[in-house]
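To start, the structure under review is shown below, and the notes come after it.
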Amino acid sequence: AGGLIEQDESSRLYRLGPATVRFARIREAHFLFLESARSFVVALAEETGETAHLSEFDADFLTSTYVEESAQPNRISVSIGDRFPLHATASGIAYLAFTKPDYARTYLARKLDKHSPFTVTDPEKLFAMLDETRERGYSISDQGRAEGVFSVGAAVVDREGYAIGALSVASPLARVSG
């Protein structure tokens with residue numbers, strides 16, 4: 001009745017209803033995260049020739065909200081709605097480096113999953129990566145979430161300087177030099 005889900009009459013399968021789109025539009029009108037960052041994502045993808053994406057914090061993950069895919073035939077594919085673990089991606093490391101310190105400590109104190117053979121799960125090493133990211137201003141992930149993927153990320157911060165999301169560019173490792 002509220003329009004959150006609807007049922008196809010012929011197949012009897014369910015799908016999201018029109019109310020979900022209304023909620024998304026209302027949210028975006030009050031929190032202009034996507035619109036304020038879209039031009040940066042486009043520029044980053046054009047300048048690097050690689051896939052660039054914007055992610056927003058969402059319950060201990062980052063969720064991609066906008067993607068500009070590389071035109072290269074061999075590219076990293078990211079879809080809107082993909083969820084990224086904070087400790088295993090460049091965008092996540094950037095987020096953790098610039099989030100409130102209590103949150104980063106709490107997050108890194110839990111058991112962290114390995115997503116590839118290269119995922120760093122040791123809290124001491126991760127804290128060192130966060131320090132390096134703060135000094136440098138951006139993070140680096142060398143195959144942290146998936147083998148063969150190299151990415152660089154920067155936190156998107158609020159007025160107080162705390163992360164609310166991240167901007168990242170991802171490339172096949174074969175195109176990364178030095």
Side-chain angles (χ1 to χ4, degrees), residues 4 16 20-21 23-28 30-38 40-41 44-45 50-70 75-134 136-158 160-172:
L4 291 172
L16 293 176
T20 56
V21 175
F23 285 138
R25 286 185 179 142
I26 290 167
R27 181 183 186 279
E28 188 57 32
H30 294 284
F31 183 65
L32 300 173
F33 182 71
L34 175 59
E35 283 310 311
S36 62
R38 185 186 313 258
F40 294 103
V41 180
L44 184 60
E50 301 296 348
T51 298
H53 63 96
L54 177 70
S55 300
E56 176 180 10
F57 181 73
D58 176 20
D60 292 337
F61 288 87
L62 286 175
T63 299
S64 66
T65 56
Y66 185 73
V67 178
E68 281 289 323
E69 280 207 349
S70 170
R75 64 179 169 256
I76 304 305
S77 182
V78 176
S79 298
I80 293 174
D82 282 352
R83 298 184 82 203
F84 302 103
L86 300 179
H87 68 286
T89 60
S91 53
I93 294 296
Y95 179 86
L96 285 172
F98 291 95
T99 193
K100 294 181 179 178
D102 287 345
Y103 176 76
R105 276 192 296 276
T106 300
Y107 180 87
L108 295 178
R110 67 182 68 169
K111 182 182 180 314
L112 301 171
D113 295 332
K114 288 209 61 92
H115 296 273
S116 82
F118 305 97
T119 304
V120 177
T121 58
D122 178 88
E124 286 185 34
K125 289 181 183 174
L126 286 163
F127 278 117
M129 290 169 69
L130 300 185
D131 289 340
E132 291 168 3
T133 296
R134 280 189 290 275
R136 191 173 45 232
Y138 61 92
S139 61
I140 297 171
S141 177
D142 187 354
Q143 307 179 83
R145 181 174 177 238
E147 287 187 70
V149 178
F150 185 90
S151 57
V152 176
V156 176
V157 298
D158 63 14
E160 296 174 3
Y162 293 114
I164 58 172
L167 177 61
S168 183
V169 61
S171 171

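Each residue takes its place number in the sequence, starting with 1. Everything numeric here is computed off the predicted structure, so don't read it as measured data.
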Calculate, to the nearest 0.5 Å, the distance between atoms OG and OH belonging to Ser168 and Tyr95 respectively.
15.5 Å

Nearest heavy-atom neighbours spanning Arg134 and Phe98:
CA-CZ, 3.7 Å

Heavy-atom closest contact (Thr89 atom, Arg145 atom, distance)
CG2-CD, 3.6 Å

Is the backbone N or O of Val41 less than 3.5 Å from a side-chain atom of Tyr66, with the two atoms forming a donor-acceptor pair by type?
no

Compare all side-chain heavy atoms of Arg110 with those of Leu112 and state whether any distance is below 4.5 angstrom.
yes

Straight-line distance of Leu108 CG to Glu124 CD, nearest 0.5 Å
11.5 Å

Quick one, Pro172 and Glu50 - any side-chain contact, counting heavy atoms below 4.5 Å?
yes

Using a 4.5 Å cut-off on heavy atoms from C-beta on, say whether the side chain of Pro101 contacts that of Tyr162.
yes

Kindly compute the distance separating NE2 (His115) from NE2 (His87), expressed to the nearest 0.5 Å.
4.0 Å

Trace of the side chain to side chain contact (heavy atoms under 4.5 Å, CB included) decision for Thr121 with Asp113
CA-CA 7 Å; Thr121 58; Asp113 295 332; over 6 Å; no

Measuring from atom CD of Gln143 to atom OG of Ser151, what distance do you get when rounded to the nearest 0.5 angstrom?
10.5 Å

Hey, are His53 and Thr51 close enough side-chain-wise for a donor-acceptor pair under 3.5 Å?
no

Between Tyr103 and Asp60, is there a side-chain heavy-atom distance shorter than 4.5 Å?
yes

Is any side-chain heavy atom of Ser77 less than 4.5 Å from a side-chain heavy atom of Glu69?
yes

Tell me, yes or no, whether the heavy-atom count around Phe40 atom CZ, taken from other residues, nucleotides or ligands under 6.0 Å, exceeds 12.
no

Roughly how far apart are Thr65 OG1 and Ile80 CD1, rounded to 0.5 Å?
7.5 Å

Could you tell me if the side chain of Thr133 sits less than 4.5 Å from the side chain of Tyr138, heavy atoms only?
no

For Asp82, does its backbone N or O pair with a side-chain atom of Ser79 as donor and acceptor, under 3.5 Å?
no

Phe127 CZ to Leu96 CG distance, which is reported to the nearest 0.5 Å
9.0 Å

Measuring only between side-chain heavy atoms, which start at C-beta, is Phe57 closer than 4.5 Å to Leu86?
yes

So, for Val78 and Val67, which heavy atoms are closest and what is the spacing to 0.1 Å?
O-CG1, 3.4 Å

N/O donor-acceptor pair under 3.5 Å between Ser64 side chain and Leu54 backbone
no

Got more than 12 heavy atoms from elsewhere within 6.0 Å of NZ, Lys100?
no

Note: Phe118 and Asp142 closest approach over all heavy atoms is CB-O, 3.9 Å

Heavy-atom closest pair (Ile93 atom, Ser139 atom, distance to 0.1 Å) is CG2-CB, 3.7 Å

Would you say that Arg83 contacts Thr63 through its side chain, given a criterion of any heavy-atom pair below 4.5 Å between the two side chains?
yes

Please find the pair of heavy atoms, one from Pro85 and one from Tyr107, that lie closest to each other, and give the distance.
C-OH, 4.2 Å

Short side-chain to backbone donor-acceptor contact, Thr99 and Ala163, under 3.5 Å:
no

